Amino acid sequence: MARRPFINYGYVFCIAQHVRSAQNSVDATRAYHNGIIGMVGRGLPHLTSPKTIRHRLIFLVGCMLLPILALLAWMTVQIAQEKREQIEERRAGIARSISNRAARQVSVFIGMLQGLAGALGPAGGGSGDLDITAVLASQPDIVRIWRFGGTGSMANAASADPSDTMKPGPDQREFESRVLKGETVVTRLKGDRFENASFSVGVPVYSPDTAVSGIAAEIRAGHLSDIVFKDSGLGEGWVAAIVDRNNLFVSRSLDAGQRVGQAARPELGVAARSELSTGSFANTTYEGVLMISSYHRSSLTDWTAVVAVPQSKLYEPLYRHLALMAIGGTLILVVTAGLASVQARSISRSVQSLARLATGISDDKREISQAQTIVELEEVRQAFERTLDRIKGSEAHVQLLMRELAHRSKNQIAVVQGIARHTARTADTVATFSERFSGRLHGLASSYDLLLERKWTSVALADLVRKHLSVFVQADSARLIFDGPDIDLTPAAAQSIGLAMHELATNALKYGAWSNETGKVHVSWAALDAGLRLKLVWRETGGPPVSLPTSKGFGSVVTTTLIERSLGGTVAVHYEQEGLNWSIEWLSGVESDADDIDT
């Protein structure tokens with residue numbers, strides 16, 4: 001199936017048409033960008049598509065199990081390596097044991113010849129011939145025994161084969177020469193078949209400390225295979241052999257009848273002639289099996305014992321353990337993935353239940369949800385329940401606020417209208433009206449700012465005084481002193497007192513303490529009768545002399561009638577020689593919402 005091209009040329013043509021039909025460059029640019037984004041979205045794979053809980057849990061299980069499986073694989077390799085090392089140590093030990101067994105077997109013949117040499121004596125005699133014949137009769141593996149002197153001539157010789165003429169050859173003369181020099185000699189193999197393969201052993205005869213003659217025996221090699229390999233500990237498929245320096249099989253655990261006397265594989269010859277007496281090498285047997293071999297050379301016989309283990313046997317523990325680990329790991333992955341899938345299904349159902357609950361919240365349809373079995377999801381469910389309860393409460397609160405807003409809006413409109421009417425009555429010009437009306441609206445707005453900061457719940461009296469009077473004089477100026485305990489005012493009280501502070505400050509700036517350079521205003525408040533009654537005092541000092549006003553303007557209405565009606569309190573005004581002294585006392589918490597200024 002052909003792969004869908006990334007660029008759809010028909011889609012590109014549609015983009016060009018939309019761009020061409022655009023009314024202006026902005027629309028053309030927007031059409032071009034939207035088209036390109038749509039084309040890329042269609043062509044790119046969904047790499048960022050949301051994944052289900054099942055996918056994520058299975059991925060998490062995989063991330064957790066893969067390091068564990070990797071650790072198990074490493075441990076498996078280490079265990080297999082240890083088993084391989086054990087097999088290699090066992091292989092080398094068997095090679096050493098076989099070499100020692102062959103050397104002990106040859107040592108038996110050497111001891112026998114040394115006994116005969118002592119019995120015959122340096123000169124020999126008739127009794128010696130009888131001893132040799134008796135030895136041949138008792139040792140069927142000995143082909144012949146002979147004695148030779150310094151001239152190299154054979155004497156007192158006996159053979160198990162009557163037709164054996166026992167004529168000396170060049171190898172035999174070299175062999176006898178070495179024996180006459182005092183050496184105990186084991187020859188290399190001769191003969192090319194199992195039946196005639198043999199080796200010779202010779203020992204010197206001393207008189208008294210000088211080798212004057214020698215005695216030797218030719219021994220069949222075939223019998224060694226039955227002796228040295230018996231109970232040697234060879235494993236299944238293992239092969240052991242003994243080769244001489246000519247790389248001829250002296251004995252072999254497998255097919256000895258076919259291989260003894262025959263040439264071994266070249267790798268064995270290399271080991272037989274190596275300078276090292278022990279070691280290992282790789283080779284292939286005549287049966288075509290790839291082997292890893294250990295060898296050990298005897299210092300007595302100069303033969304090399306080789307034990308070969310099939311390479312498959314060395315790696316079998318590794319393959320077996322890896323196979324078991326692969327099966328076990330796959331089973332674990334399947335089981336854990338299945339369990340994760342089951343858990344994911346359960347979690348998905350719980351999440352879907354919570355989604356329905358959340359949808360009910362948004363649709364204003366409360367669904368009865370069951371308790372979740374997962375602690376975290378149960379916490380989410382309870383949070384949804386609490387949120388739903390808060391939403392219900394918030395909706396009721398919003399309705400209340402809407403009604404309150406409508407009520408207060410009407411009141412504030414009435415207040416503004418009242419301020420406008422009273423300001424117009426006392427203003428001679430439009431400019432005067434604008435200045436006074438703007439200042440009073442600014443004072444009213446200052447109170448609203450504080451109320452909004454506290455979410456229309458309350459206003460600190462200290463903040464209210466600072467907010468209104470800082471417009472006229474700096475709050476840290478020595479000409480303004482205010483102090484009192486922490487008292488929170490209701491919204492109605494804050495509006496009334498704010499208007500009063502603005503009117504008192506305006507009057508002080510025009511006619512009172514702030515109209516000169518030395519006057520001061522001291523604003524103080526206190527809680528009386530354990531907080532049941534509150535008192536606020538405005539006291540001016542250092543200003544010009546004051547007298548009782550002859551007319552009552554809008555400022556007097558705000559600082560007396562309006563605030564008394566709003567707070568349900570009592571205002572006291574004293575025009576003292578050193579300045580105005582104004583105060584009000586009212587019961588805390590009984591403020592009225594009556595904002596009518598039309599008095």
Side-chain angles (χ1 to χ4, degrees), residues 400-401 403-423 440-441 443-452 454-469 482-507 522-539 549 552-575 580-599:
L400 177 63
L401 288 179
R403 291 192 298 270
E404 179 70 15
L405 178 62
H407 171 68
R408 290 201 173 274
S409 297
K410 295 177 182 178
N411 288 343
Q412 300 312 315
I413 292 174
V415 169
V416 173
Q417 289 177 340
I419 292 174
R421 282 194 298 270
H422 283 280
T423 304
R440 287 160 180 166
L441 286 184
L444 188 64
S446 298
S447 300
Y448 288 167
D449 290 340
L450 293 175
L451 286 170
L452 290 176
R454 300 285 290 269
K455 298 181 180 180
W456 211 270
T457 57
S458 62
V459 174
L461 180 54
D463 293 339
L464 184 68
V465 172
R466 183 184 296 106
K467 182 78 171 179
H468 281 277
L469 300 188
F482 58 92
D483 58 75
D486 293 335
I487 294 177
D488 287 338
L489 300 176
T490 63
Q495 294 178 68
S496 299
I497 293 176
L499 285 174
M501 289 291 106
H502 178 79
E503 293 300 330
L504 290 171
T506 301
N507 185 75
H522 185 193
V523 182
S524 61
W525 57 88
L528 309 176
D529 298 335
L532 294 178
R533 291 186 304 114
L534 301 177
K535 183 176 182 179
L536 175 64
V537 178
W538 175 285
R539 182 168 172 270
K552 189 175 183 181
F554 177 69
S556 299
V557 174
V558 171
T559 57
T560 56
T561 306
L562 177 61
I563 195 170
E564 284 182 335
R565 182 185 303 172
S566 177
L567 300 183
T570 302
V571 173
V573 181
H574 301 283
Y575 296 93
L580 176 67
N581 190 337
W582 174 93
S583 65
I584 182 172
E585 291 188 21
W586 74 98
L587 294 176
S588 176
V590 297
E591 296 85 357
S592 172
D593 286 338
D595 295 323
D596 187 11
I597 303 180
D598 195 7
T599 304

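Just so it is clear, the structure is predicted and the values come from calculations on it, not from any experiment.
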How far does CG of Leu489 sit from OG of Ser458, to the nearest 0.5 angstrom?
8.5 Å
Heavy-atom closest contact (Arg539 atom, Asn581 atom, distance):
CD-ND2, 4.1 Å
Minimum-distance pair of heavy atoms, taken over all atoms of Gly531 and Ser588
O-CB, 3.6 Å
Of all heavy-atom pairs between Leu469 and Ala505, which one has the smallest distance, and what is that distance?
CD2-CB, 3.7 Å
Using a strict 4.0 Å threshold on nitrogen-to-oxygen distance, state whether Arg533 and Asp529 make a salt bridge.
yes
Measure the shortest side-chain to side-chain distance between Pro549 and Tyr575 over non-hydrogen atoms and say whether it is less than 4.5 angstrom.
yes
Identify the heavy atoms of Leu464 and Ala494 that sit nearest to each other, and give their distance.
CD2-O, 3.7 Å
I'd like to check Phe482 versus Arg466 (side-chain heavy atoms, cut-off strictly below 4.5 Å). Are they in contact?
yes
Glu564 side chain to Thr570 main-chain N or O, any donor-acceptor pair under 3.5 Å?
no
Scanning both residues in full, the closest heavy-atom pair of Asp488 with Ala460 reads OD1-CA, 3.6 Å
In Å and rounded to the nearest 0.5 Å, what is the CD1 to OG distance from Ile584 to Ser566?
8.5 Å
Within the structure provided, determine whether Val523 and Leu536 are in side-chain contact (heavy-atom separation under 4.5 Å).
yes
Can Ile563 and Val558 be said to form a side chain to side chain contact (heavy atoms under 4.5 Å, CB included), step by step?
CA-CA 6 Å; Ile563 195 170; Val558 171; over 6 Å; no
Working to the nearest 0.5 Å, report the span between NE2 of His502 and CG of Asn507.
11.0 Å
Hey, could you give me the CG/NE2 distance between Leu504 and His468, rounded to the nearest 0.5 Å?
11.5 Å
Measure the shortest side-chain to side-chain distance between Trp582 and Val537 over non-hydrogen atoms and say whether it is less than 4.5 angstrom.
no
Determine whether a donor-acceptor pair (N or O, by modelled atom type, separation under 3.5 Å) exists between the side chain of Trp525 and the backbone of Pro485.
yes
Spacing of Thr560 atom OG1 and Arg565 atom CZ [to the nearest 0.5 Å]
10.0 Å
Take Glu503 and Val557, measure what side chain to side chain contact (heavy atoms under 4.5 Å, CB included) needs, and give me the verdict at the end.
CA-CA 10 Å; Glu503 293 300 330; Val557 174; over 6 Å; no
Whether Thr559 side chain and Gly555 backbone form a donor-acceptor pair below 3.5 Å:
yes
Heavy-atom pair with the smallest gap, counting every atom of Pro491 and Thr457
CD-O, 3.5 Å
Please examine the side chains of Trp586 and Ile497, heavy atoms only from C-beta on, and report whether any two atoms are closer than 4.5 Å.
yes
Validation row: Asp483, His522 side chains within 4.5 angstrom (heavy atoms)
yes
Are Leu528 and Leu534 side-chain neighbours, meaning at least one heavy-atom pair lies under 4.5 Å?
no
